[in-house]
Amino acid sequence: MKKFIKTSRIYFSHFQTKLLCAFLLCTLIPIFIIGGISYAVSYNIAEDKILNASISSDEQLHTQFYNRLLQVENVADSLQYDMYHLMQAETPEDTLTALSEARSNLSMFQASFNLTYISIFLPDEHMGAQENLYFFPLSSLSDFQLPGNALENPGTSSIWFYQEGLSIPFLVSNTHDISDTLACCRILKHPDTGTLEYAYMIHLNASEFSSILQESFQDKSISSYILTDNGKIIASNNEALISTTLDKEKSDFLFQNKNPIKKESHITYHTAQLQNGWLHVTEIPDSYIRQNTHVLINSILLTVLISLPLTVLVVIMFSKNLTRRIKVLSKAMETLQLDAYNNNLQNLVPQNRNPETFDEIDKLGVTFQKMQHSLNDNLQSILELSLAEERLKYQLLQSQINPHFLYNILGSIQTCQSLGKLDIANQMLTNLTRFYRMTLRKSKDLISIRDELTIAKLYLEIEKLCHNDNLTWEINMEDGIDNFLICKFTLQPFLENSILHGISQSTPEIHISINLSYGDDTVLISITDNGIGMKEEQLQELRKTLDEKIVNYERHFGIGNVNKRISNPYFGNGSIAIESHLFKGTSITIEFDQMEENDEESNDCR
């Protein structure tokens, strides 16, 4: 969000943008106000029409459901006559005849009115109570999920309830169906004894009502369902809602609010009470109304989109001439490059006009050109001084390491002379002469790895004379790697440390391994010895010297000097890592960019 605000402020800081905004606000605000008012009025009209259409369809469904339930009530009334004859039969023959007639009527009713099932409950001792097709004993009445309060006020009034998973006998339906049904139940008690005399239920498949709802409301954004008095949805155009129960607050809102049209939480409810006291509810969300006003919205947007480009085009053409030269000057300042001529000012500063006719913007462009030329001249001088300073620093570091090395070797020669080992001292002087002839011949800052290895071998040979052949070494490298360049005098300080600090009473013989390999566009050089190693505090001190690029003339001067030089971007952009374990040896890893002869020439040019 902060980035967006910052970008917006930068964009609206332009002079032409401000001018455009001023014109656009004066023209677009009235357009949007008129469009908004038109949309609001049209939306309300469209909302009323859409609601009326949905409610009209809803009322037709209500009539259809009401008639269907009334039809079931009429069948229940007809069955009352059959039950009377069945219960009044006195002889077994009359009972069988009544059962046969009742069974025929049940089958006829079921087929004629497309009923799912009809079940009759007789006293347990009755002859037909054990039939278990249409007739059942009263003791099994509880197996049919009859509501608990159904037996409190029995009579001729129907008891409607929702029965889940009704199992229909195979001989009645030809398939052993298990269905969710709407059950219409009537129960008769003896007026004197209060005992149950009989009961019967008529079942309608709940999916019949769901199918009607799905055909009428194919748009799933509208939910239409039948709600029982205990808040359960028994049929819906949305299968996910079937058999679910509404929360009590919503159920009370639908039943207790007698207004057929009510609204809550962006949903318009249309409710109609069915013949059995249940509700037919249709939910019409505001989103459905908005979806059906797309034509209206598109018409308004089309009007705005046609007028908007025309308005913007006129404003742009009017403001472009006013802001063109300011924009060119601003662009020239934004794209200012101190080391190049800015061509953006060619269209701003008139080439063939008398300077006396220049206006304020022309004069500002001329002043800016002069300032750019002056800055370029000063920048070039600063760059040259910076490069010269950087090279002097490098040369100073390079020159400092030679006396340090020479001091150590001359000390060794003096020791040999004092001990009478004149032949060793003479050989060391000879090797020292070869060593300096090699280093002085290579006067450049960067030399090939091949020459650096030659210098390293000369140094090792000098040291070998001082240590009675207790010093050995090996050099391993990958093909062609010795052609790359390296800072002169890089390896010697590390070899010197391996020898001077590696040899001890516990490690009288020292072996140094130098390995050169390719990295990822870099050269890797590792120097490993089997000397005495370093303590942890010494190792941490040395690592701090490397990390902070410290050159201390009293401690770790040689390693710090090499690290400072090799980390320079012009001389390899390298790094040095060190690992050491007491009595196990030390390993130095040097990594720097692969540099070739042309890289050295580029550095010299700089």
Side-chain angles (χ1 to χ4, degrees), residues 394 397-398 400-402 404-405 438-439 442 444-460 463 473-502 510-531 533-534 538-552 555-581 585-596 599-600 603:
Y394 179 87
L397 291 172
Q398 175 69 41
Q400 288 171 342
I401 202 164
N402 286 325
H404 178 80
F405 163 74
M438 181 67 182
T439 56
K442 302 295 180 180
K444 295 183 178 180
D445 299 328
L446 294 173
I447 63 175
S448 68
I449 294 177
R450 183 184 306 105
D451 291 337
E452 179 68 10
L453 289 175
T454 302
I455 294 173
K457 290 175 185 177
L458 286 172
Y459 169 73
L460 289 172
E463 289 290 351
W473 66 86
E474 62 175 337
I475 299 175
N476 302 305
M477 61 181 169
E478 296 185 10
D479 294 339
I481 200 170
D482 55 347
N483 293 318
F484 290 109
L485 301 179
I486 189 174
C487 283
K488 186 169 64 175
F489 235 60
T490 295
L491 302 180
Q492 186 275 330
F494 296 104
L495 298 174
E496 180 180 349
N497 273 10
S498 294
I499 297 170
L500 294 181
H501 302 293
I510 192 79
H511 178 76
I512 300 175
S513 177
I514 304 174
N515 295 286
L516 298 92
S517 59
Y518 292 102
D520 187 9
D521 292 331
T522 59
V523 175
L524 294 173
I525 300 178
S526 65
I527 302 173
T528 305
D529 64 64
N530 60 346
M534 286 182 282
Q538 293 175 319
L539 179 61
Q540 294 302 325
E541 180 183 356
L542 185 53
R543 284 176 175 172
K544 181 179 180 182
T545 298
L546 295 175
D547 292 340
E548 298 179 2
K549 297 180 176 58
I550 299 172
V551 181
N552 191 325
R555 295 183 62 80
H556 316 301
F557 168 74
I559 294 177
N561 186 297
V562 172
N563 183 56
K564 182 73 173 179
R565 287 188 291 121
I566 203 171
S567 62
N568 192 303
Y570 295 134
F571 302 105
N573 198 26
S575 62
I576 299 173
I578 182 169
E579 292 290 339
S580 183
H581 301 280
T586 302
S587 177
I588 304 290
T589 301
I590 306 170
E591 183 176 11
F592 54 90
D593 295 338
Q594 295 177 2
M595 298 178 291
E596 298 178 334
D599 296 323
E600 181 185 19
N603 289 340

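As the structure is a computational prediction, the values presented were derived from the model and not from experiment.
A donor-acceptor contact shorter than 3.5 Å links the side chain of Asn530 to the backbone of His511. Side chain of Thr454 to backbone of Arg450: a donor-acceptor contact under 3.5 angstrom is found. Between the side chain of Gln594 and the main chain of Thr522, a donor-acceptor pair closer than 3.5 Å is present. Judged purely by atom type and a 3.5 angstrom limit, Asp593 has no side-chain atom pairing as donor or acceptor with the backbone of Met595. Of the possible polar contacts, one joining the Glu452 side chain to the Phe489 backbone as a donor-acceptor pair under 3.5 Å is found. At distances below 3.5 Å, at least one donor-acceptor pair connects side-chain atoms of Asn563 with backbone N or O atoms of Leu546.
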Name the atoms and distances for all side-chain donor-acceptor pairs under 3.5 Å in residues 571-581, with sequence neighbours left out.
| from | atom 1 | to | atom 2 | distance (Å) |
| --- | --- | --- | --- | --- |
| Glu579 | OE1 | Arg543 | NH2 | 3.1 |
| Glu579 | OE2 | Arg543 | NH2 | 3.1 |
| Ser580 | OG | Met534 | N | 2.9 |
| Ser580 | OG | Gly585 | O | 3.4 |
| Ser580 | OG | Thr586 | OG1 | 2.9 |

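Of all the heavy atoms in Leu485 and Phe592, the pair that sits closest is O-CE1, 3.4 Å. Closest non-hydrogen pair, Ser587 versus Thr528, comes out as OG-OG1, 3.4 Å. Nearest approach of Ile447 to Lys488, heavy atoms of both residues: CD1-CG, 3.8 Å.
Atom CG of residue Asp547 and atom CD of residue Gln540 lie 9.5 Å apart, to the nearest 0.5 angstrom. Considering OG1 of Thr490 and CZ of Arg565, their distance stands at 5.0 Å, rounded to 0.5 Å. For the atom pair CG (Asp529) and OG (Ser513), the distance works out to 10.0 Å, reported to the nearest 0.5 Å. The CD1 atom of Ile525 sits 4.5 Å away from the CG atom of Leu516 when rounded to the nearest 0.5 Å. Here CD1 of Ile449 is found 8.5 Å from CG of Asn483. Values are rounded to the nearest 0.5 Å. Note that NE2 of His501 and CD1 of Ile510 are 12.0 Å apart. Values are rounded to the nearest 0.5 Å.
The shortest side-chain heavy-atom distance between Leu491 and Val562 does not fall under the 4.5 Å cut-off. The closest side-chain heavy-atom distance from Asn497 to Ile559 is below 4.5 Å.
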Run the side chain to side chain contact (heavy atoms under 4.5 Å, CB included) check on Met477 and Asp482 step by step: do they pass?
CA-CA 8 Å; Met477 61 181 169; Asp482 55 347; 3.9 Å; yes

Going through the distances and angles, do Leu495 and Leu460 end up as a side chain to side chain contact (heavy atoms under 4.5 Å, CB included)?
CA-CA 8 Å; Leu495 298 174; Leu460 289 172; 4.1 Å; yes

Kindly indicate, with the supporting measurements, whether the criterion side chain to side chain contact (heavy atoms under 4.5 Å, CB included) is fulfilled by Ile590 and Leu524.
CA-CA 6 Å; Ile590 306 170; Leu524 294 173; over 6 Å; no

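In summary, the side chains of Ser517 and Glu478 do not present any donor paired with an acceptor at a separation below 3.5 Å, with no hydrogens or angles considered. At a cut-off of 3.5 Å, with distance as the only test, a side-chain donor of Asp451 or Ser448 sits close to an acceptor on the other residue.
Residue Asn476 places its CG atom among more than 12 non-hydrogen atoms of other residues, nucleotides or ligands, all under 6.0 Å distant.
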